[in-house]
Amino acid sequence: MIGRTVLRIVGPLVPSVVIVVAAWWLALEAFGISPLVGKRPPQVWEYLTASQAHREAVFGALGITIRDAAIGFVSGMAAAIVVAVAFVLLRTVEQTFMPVAMLLRSVPLVVMTPLITLVFGRDLLGVAVIGSIVVFFPALVNIAFGLRSASPQATDLIMAYGGTRLTVLRKVAVPTAMPAVFASARISVPASIIGALIAEWLATGEGIGAEILRAIGGFRYDEVWADIVVVTGVSILAYAVVGVVESLVLARFSDRRPG
């Protein structure tokens, strides 16, 4: 089952990647971008395979970015789930805090980052706050909507047998909300990487984000393109992993049994 699920999720991504790579190459050629600035796929591959030092520079920075993105993703999703549950259980909490959340969401993260850095510092705590903000707001709306999509008939049945709102949440609302949770997770995976890059550009000075800026300043365009390609590949891979986990978990919550 796992093998079939992986093939079903990853299979459609392969032609998409091929199309993107072809479009990248053709666009550079069509607009006459110099190979000194606009690196073609073979040049990026050559850069990554020509030297161990090149790979260490790119993948060493990538490891920091993955760490930063994971921190933002986990903290943002966890906060979104907790707040969404509070909104569903306590309507007054939603009426009080949802307008505040939407107001904060309207402020560009680039504007907020310097303030976040001043308050929380440039270490992992600041990175976690910046990354979680990117993940939190879209996930909160989706998960809260998913929790409220529980069947009224099932809810009434549990309440008629003496169940509490917590029982309804555990038995009905949470299984119903699982597609929304994973939809939020799929959206949040690339968003968390963007949040990590922003934190690295404007706050920490580490990871792929900072390395790209330094490479641009040093006219190391091979490294710039290699950084971009690698971080994009990781984003696609993480999206696919979440899709595989989603399929397996939803099969567990489904009435259907795998054949």
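The chain is numbered in sequence order, starting from 1.
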Heavy-atom neighbours of Y221 OH exceed 12 at 6.0 Å: yes
Is the backbone N or O of Y47 less than 3.5 Å from a side-chain atom of H54, with the two atoms forming a donor-acceptor pair by type? yes
Taking all non-hydrogen atoms of both residues into account, name the closest pair between A84 and A144 and its distance. CB-N, 3.8 Å
Which pairs, with at least one residue in residues 201-219 and sequence neighbours excluded, count as a side-chain hydrogen bond (donor to acceptor under 3.5 Å, both in side chains)? E211-R214
I'd like to know whether L147 forms a side-chain contact (heavy atoms from CB on, under 4.5 Å) with T176, so could you lay out the CA-CA distance, the side-chain angles of the two residues, the decisive distance to 0.1 Å, and finally the verdict. CA-CA 7 Å; L147 290 172; T176 302; over 6 Å; no
Check whether any side-chain heavy atom of I193 sits under 4.5 Å from a side-chain heavy atom of V231, and report yes or no. yes
May I have the step-by-step check of side-chain contact (heavy atoms from CB on, under 4.5 Å) for V44 and D222, ending in yes or no? CA-CA 6 Å; V44 174; D222 285 308; over 6 Å; no
Within the distance-only criterion (no hydrogens, no angle test), does the side chain of S184 pair as donor or acceptor with the backbone N or O of A180 below 3.5 angstrom? yes
With rounding to the nearest 0.5 Å, note down the distance linking CE in M112 to CG in L202. 13.0 Å
Residues clustering with I71 (ILVMFWY side chains joined when closer than 4.5 Å, directly or via others): L124
When rounded to the nearest 0.5 angstrom, what is the spacing between CD in E200 and CD1 in I212? 9.0 Å
Can you list everything that forms a side chain to side chain donor-acceptor pair (under 3.5 Å) with Q95? Sequence neighbours excluded, please. none
Run the numbers on V83 and F136 for side-chain contact (heavy atoms from CB on, under 4.5 Å), then give the verdict. CA-CA 10 Å; V83 175; F136 174 77; 3.9 Å; yes
Work out which heavy atom in S75 is nearest to a heavy atom in A128; give both atom names and the distance. OG-O, 3.6 Å
What I'd like to find out is whether the side chain of V134 reaches to under 4.5 Å of the side chain of S192, using heavy atoms alone. no
Rounded to the nearest 0.5 Å, what's the gap from CZ on F59 to CD1 on I208? Could you check? 8.5 Å
Apart from V168 itself, its cluster of hydrophobic side chains linked below 4.5 Å comprises I158, M159, V172
Atom pair OG (S247) and CZ (F182), whose distance is rounded to the nearest 0.5 Å: 9.0 Å
Restricting to non-hydrogen atoms, name the atom on A203 and the atom on T117 that form the minimum distance, rounded to 0.1 Å. CB-OG1, 3.5 Å
Look up atom OG1 in T164 and atom CZ in R170, then write down how far apart they are to the nearest 0.5 Å. 8.0 Å
Quick one: do I187 and V135 satisfy side-chain contact (heavy atoms from CB on, under 4.5 Å)? Show the steps, please. CA-CA 8 Å; I187 295 171; V135 172; over 6 Å; no
Nearest-0.5 Å distance that lies between atom CZ in R186 and atom CG in N142: 10.0 Å
Which residues share a side chain to side chain donor-acceptor pair (under 3.5 Å) with R40, sequence neighbours left out: E29
Please find the pair of heavy atoms, one from G146 and one from A177, that lie closest to each other, and give the distance. C-CB, 3.6 Å
Please report whether the ring centroid of W24 lies less than 6.0 Å from that of W225. yes
Please name all residues satisfying side chain to side chain contact (heavy atoms under 4.5 Å, CB included) with E46, sequence neighbours left out, ordered by chain then number. none
